[in-house]
J.: 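To start, I am sharing the structure in question, which I have written as structure tokens.
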Protein chains: 2
Amino acid sequence: MTKDKHQALIENFEKEVSLNEVEKEIIRDYFHFFTIQKKKDLLRSGDICNYTFFILKGCTRSFNIDEKGIERIQNFGFENYWVGDLLSLFTGEPSSLTIETIEHSQILKIHKDDLENLYNEVPQLERFFRILYQKAYVSSLKRLNKMVQFSASENYNQLIKEQPNLLQRVPLAYIASYLGIAPESLSRIRRNS
Amino acid sequence: MTKDKHQALIENFEKEVSLNEVEKEIIRDYFHFFTIQKKKDLLRSGDICNYTFFILKGCTRSFNIDEKGIERIQNFGFENYWVGDLLSLFTGEPSSLTIETIEHSQILKIHKDDLENLYNEVPQLERFFRILYQKAYVSSLKRLNKMVQFSASENYNQLIKEQPNLLQRVPLAYIASYLGIAPESLSRIRRNS
DNA sequence: CGATTTTCTTAACATAGGTTAAGTCAATTT
DNA sequence: AAATTGACTTAACCTATGTTAAGAAAATCG
């Protein structure tokens, strides 16, 4: 009995839509498995984002370099997370994001053209991805609200409350970048918590 | 020759999609015109957002009250802007936003159920609104980036450069709220610019 | 194993923006 | 016209975070 590399992906789809065996097989054909070392890029700033990635194992960070030359982490990816740059994917324009692995990772990817084909063969997935994109929009609005309304200290404490595992998997400097503060400031915040 | 209250709306659609006369007439039937005084609510926090609004004349602000009791303006609406709460519209959950007119305004509105019917009768509009929602997502990401990466002063100066008319139409206290700072801080920033 | 690099912390000082309180000016009301 | 209200500014002081520099601790390398 061989291990099904697509199992977690299928289960992820099945949280929103129903799939029969034929459809599952189509999905397995379209999503390509690969492994990648830590500190390697899934997407490089300036490239067009042609793929959508599904993380089976490992972890990633998506960041851009701001006008002052500082890396700004937008989000992290973990097991069963979808990563990519929706903006670049929607518009076909070069991405401003770099997506880099933080750990050695196992990932499934699908090309945007294949995703279009897949929509035709398994129409339920159109709904799945619409919901996924809406959730991305919602989480962007929520994050904006948090950044405006809470202090870095409040945001840090809420973050580790919601995702305590974060501390064990990503360096503090990345968390500081995600919170929009200097690593030194995060140290100070941690001391006073 | 009577003035067509829906003209600006039709032109707004026609920037993205083609419409024949029959379709335009259907659209005119679905969008309802009304006028509203300044300082009145289009949507009240806690209510479900059942309508999408198109501003013909006037101006609005959308804000929520944060956990510290402070009004946080998310965006302004002007002529030919779409306003509403996409989150509440998508999910059917109560909105956290209040949308209030800043000036006496002329507005078109459509109920979300009617919008579904309209999609069936004029399918091009499905594409129009998908693009509109994607743009909303993009602008949310851009605003998040700005808030994290620039100082209030930089954001203020860029804002009035991009929308110089803002100063003539909305009180400074609203602009401060939009920038996420106290009105006193905006005064200081303006003095030092 | 020791050496080196990376990660994290600490401290001193600088700065942006918050808070409080008062004051100015223009518009509106009586 | 006087009084009131609303919009905006100013000033003094406070606090959170940035910046710079150094050091400690942990991880990695040779």
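Reminder, nothing fancy here: chain letters follow the sequence lines and each chain counts from 1.
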J.: Output the rounded distance in Å from CG (B/Leu167) to P (D/dT9).
T.: 10 Å

J.: Does A/Arg191 reach a base, just sugar-phosphate, or nothing at all? Heavy atoms under 4.0 Å.
T.: sugar-phosphate

J.: Among A/Phe129, A/Tyr30, A/Trp82, find the one that has a ring pair (Phe, Tyr, Trp, His ring centres under 6.0 Å) with A/Phe54.
T.: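 Single ring pair (Phe, Tyr, Trp, His ring centres under 6.0 Å) partner of A/Phe54 among A/Phe129, A/Tyr30, A/Trp82: A/Trp82.
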
J.: Scan A/Arg188 against the nucleic acid and name what it touches under 4.0 Å (heavy atoms): base, sugar-phosphate only, or nothing.
T.: base

J.: Would you please confirm or rule out a distance under 4.0 Å between OP1 or OP2 of D/dT10 and any side-chain N or O of B/Ser187?
T.: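 It does not, given that no N or O in the side chain of B/Ser187 lies less than 4.0 Å from OP1 or OP2 of D/dT10.
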
J.: As a quick check of understanding, evaluate salt bridge (charged side-chain N to carboxylate O under 4.0 Å, His left out) for A/Lys40 and A/Glu100, giving each step before the final call.
T.: CA-CA 5 Å; A/Lys40 298 291 176 197; A/Glu100 191 186 271; over 6 Å; no

J.: Would you mind reading off the distance between B/Ile175 atom CD1 and D/dA7 atom P, rounded to a whole angstrom?
T.: 13 Å

J.: Round to the nearest Å and state the distance from A/Ile102 atom CD1 to C/dT6 atom P.
T.: 17 Å

J.: From the options D/dT19, D/dT17, D/dT10, select the nucleotide whose nearest atom is closest to the side chain of B/Glu184.
T.: D/dT10

J.: Is it the case that atom CD in B/Glu162 sees more than 12 heavy atoms from other parts of the structure closer than 6.0 Å?
T.: yes

J.: Output the rounded distance in Å from CG (A/Asn192) to C1' (C/dT9).
T.: 12 Å

J.: Of all the heavy-atom pairs spanning A/Ile102 and A/Arg169, show the shortest one and how long it is.
T.: CG2-O, 3.9 Å

J.: Could B/Arg130 and A/Tyr133 be counted as a cation-pi pair, given that NZ or CZ must be under 6.0 Å from the ring centre and within 45° of the axis?
T.: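 That pair does not qualify as a cation-pi contact.
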
J.: Does A/Ser185 or B/Ser153 map to a spot on DNA chain C nearer the 5' end, using the closest nucleotide for each?
T.: A/Ser185

J.: Report the secondary structure of DNA chain C in dot-bracket form, marking unpaired bases with a dot and bases paired to a different strand with |, and treating Watson-Crick or G-U pairs with both distances under 3.5 Å as paired.
T.: ||||||||||||||||||||||||||||||

J.: May I have the distance from A/Gln168 (atom CD) to D/dA26 (atom P), rounded to whole angstrom?
T.: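 A/Gln168 atom CD is separated from D/dA26 atom P by 16 Å.
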
J.: Mind calculating the distance between CD (B/Glu154) and P (C/dA16) to the nearest angstrom?
T.: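 Taking CD of B/Glu154 and P of C/dA16, I get 10 Å after rounding.
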
J.: Check every atom of C/dT19, D/dT17, C/dG18 against the side chain of A/Ala152 and return the nucleotide holding the closest atom.
T.: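 Out of C/dT19, D/dT17, C/dG18, the nucleotide with an atom closest to A/Ala152's side chain is D/dT17.
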
J.: Is a donor from one side chain sitting under 3.5 angstrom from an acceptor on the other, for B/Tyr178 and B/Arg61?
T.: no

J.: A/Tyr156 OH to D/dT17 C1': how many Å, rounded?
T.: 16 Å

J.: Would you name the heavy atoms of B/Gly58 and B/Ser105 that are closest together and state the gap between them?
T.: CA-OG, 3.4 Å

J.: Find the distance B/Asn157:CG to C/dA16:C1' and express it as a whole number of Å.
T.: 14 Å

